[in-house]
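Before any comments, here is the structure.
Chain letters run A, B, ... following the sequence lines, proteins first, then strands; residues in each count from 1.
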Protein chains: 2
Amino acid sequence: MDSVILGFLGLGDMTGYEIKKRIGLSTRFFYNASYGSIYPSLKRLTEKGSVKADRVVENGRAKVIYSITDKGRQELVDWLKSPAPSVHIRYEFLVKLFFSQHLPRDRRVEMVSQHIAELQMGLEELRKVEAETRGRVDSCQLYTLNFGLDLIAFLVGWYENLLEQMEEEHGCE
Amino acid sequence: MDSVILGFLGLGDMTGYEIKKRIGLSTRFFYNASYGSIYPSLKRLTEKGSVKADRVVENGRAKVIYSITDKGRQELVDWLKSPAPSVHIRYEFLVKLFFSQHLPRDRRVEMVSQHIAELQMGLEELRKVEAETRGRVDSCQLYTLNFGLDLIAFLVGWYENLLEQMEEEHGCE
DNA sequence: GGGGACATGTAATTGGTTACATGATTAC
DNA sequence: GTAATCATGTAACCAATTACATGTCCCC
């Protein structure tokens, strides 16, 4: 978590509120956070000296603008260089699909159809984000945006194919 | 968590140890758990009456065989029917990629190459699981197995394409 | 004057991991 | 005899969410 905050501050100075908004926009699909984790994290990082907190008043509004320090920048790079704990994807729908033999077939079909619908909504949202941000972000951020787009397309295709397969079958048994 | 345990017990009676082993085999890529969460969960479920615990001794080994009750079966079905909280995938490597502008280009390429290697290892492991289980599981469990296989293939392809793109570029800026 | 976005934070709780503690059986 | 696997559990800890608590500015 701390590393992700550092990552955002590496893109520019911002407030806790802004970090939350940015996470909601850009990394929501593969990482999310609430104020309850952002502010304590910011506090920790400030105490450690990885970020600097500036209390300012901007058009009458008191805010705390955080910026990354050299120490923080070093920590960020170290984290980026460290090996990511091998792929660990938590995907609840798939768990349900795994156990869905306990459901009647039509219910299972419904489940998958609904999931496809959700994915497609996600795709639309991502497209909006894309329209807003393309051209205003660096290519690394673009990579992940494209990843999201391509992944959802893959998933939709996969589940559509699954639906066809299910139609042919009698059930999970 | 409790629901996942119920799911496994829905497939047959087993011990906590066996549940852990099964999770490691079949759902590891999209769900994992440790003893520290399995046993307390089993305890909770027993107290609630969703599972039944039978202390037996089998070839000198004392074990507790858990089985799902009618109540538990109902809870399992309810969970399966409940809408999954819309796709929530936590993928640390992608977060790193998102912020990787702070890394030199060759380092970034290395990062992606290593991730591909890891994915390929995962693929091999999954293939082993496939060889062992295909024919011995119901088609729902097969769905998720195939999903894993197809997903990894997609990911490898995607990252390989990314590498090519990266070669052409000068950096993330 | 009221709703929405801006803005910051804490407290209680949840959900989980890691590490510890223990001990039997089996196969080499 | 010793290492791997089978087997069960607890305690300390950690990371994060939810809900709460508070207040301002801006636009209608």
Per-helix bend value, the helix from dG1(C)-dC28(D) to dC28(C)-dG1(D), C1' rotation axes over five pairs per end, 10° rounding, shows 30°

Return the nearest nucleotide to the side chain of V64(B); candidates are dT8(C), dC6(D), dT8(D).
-> dT8(D)

Closest to the M1(A) side chain, choosing from dA16(D), dC6(C), dA7(C) = dA16(D)

Of R61(A) and P40(A), whose nearest nucleotide on DNA chain C comes first from the 5' end?
-> R61(A)

Ignoring backbone atoms, test whether [X] places a side-chain nitrogen or oxygen under 4.0 Å from the OP1 or OP2 oxygen of [N].
X: R55(A); N: dG9(C); answer: yes
X: S34(A); N: dT17(D); answer: yes
X: Y31(A); N: dA16(D); answer: yes
X: S37(B); N: dG15(C); answer: no

May I ask you to decide if [Y]'s main-chain N or O and [X]'s side chain share a donor-acceptor pair within less than 3.5 Å?
X: K96(B); Y: W79(A); value: yes
X: S26(B); Y: R22(B); value: yes
X: T15(B); Y: E18(B); value: yes
X: R108(A); Y: S100(A); value: yes
X: R105(A); Y: M166(A); value: yes

Looking at every strand, decide which applies to [X] at a 4.0 Å heavy-atom threshold: base, sugar-phosphate, or nothing.
X: N32(A); answer: sugar-phosphate
X: R90(A); answer: sugar-phosphate
X: G36(B); answer: base
X: T15(A); answer: sugar-phosphate

Between [N] atom [atom2] and [X] atom [atom1], what is the distance in whole Å?
X: Y17(B); N: dT5(D); atom1: OH; atom2: P; answer: 8 Å
X: Y39(B); N: dA19(C); atom1: OH; atom2: C1'; answer: 16 Å
X: R22(A); N: dA7(C); atom1: CZ; atom2: C1'; answer: 17 Å
X: E47(A); N: dG9(C); atom1: CD; atom2: C1'; answer: 14 Å
X: I19(A); N: dG9(C); atom1: CD1; atom2: P; answer: 11 Å
X: M14(B); N: dT8(D); atom1: CE; atom2: C1'; answer: 17 Å
X: N59(B); N: dT5(D); atom1: CG; atom2: P; answer: 18 Å
X: K43(B); N: dT10(D); atom1: NZ; atom2: C1'; answer: 9 Å

Are K52(B) and Y66(B) in a cation-pi contact, defined as NZ or CZ under 6.0 Å from the six-membered ring centre and within 45° of the axis?
-> no

If you look only at pairs with a residue in residues 114-126 of chain A, which of them pass as a salt bridge (charged side-chain N to carboxylate O under 4.0 Å, His left out), with sequence neighbours excluded?
-> R28(A)-E125(A)

Taking the six-membered ring for Trp, are the ring centroids of F93(A) and Y159(A) within less than 6.0 Å of each other?
-> yes

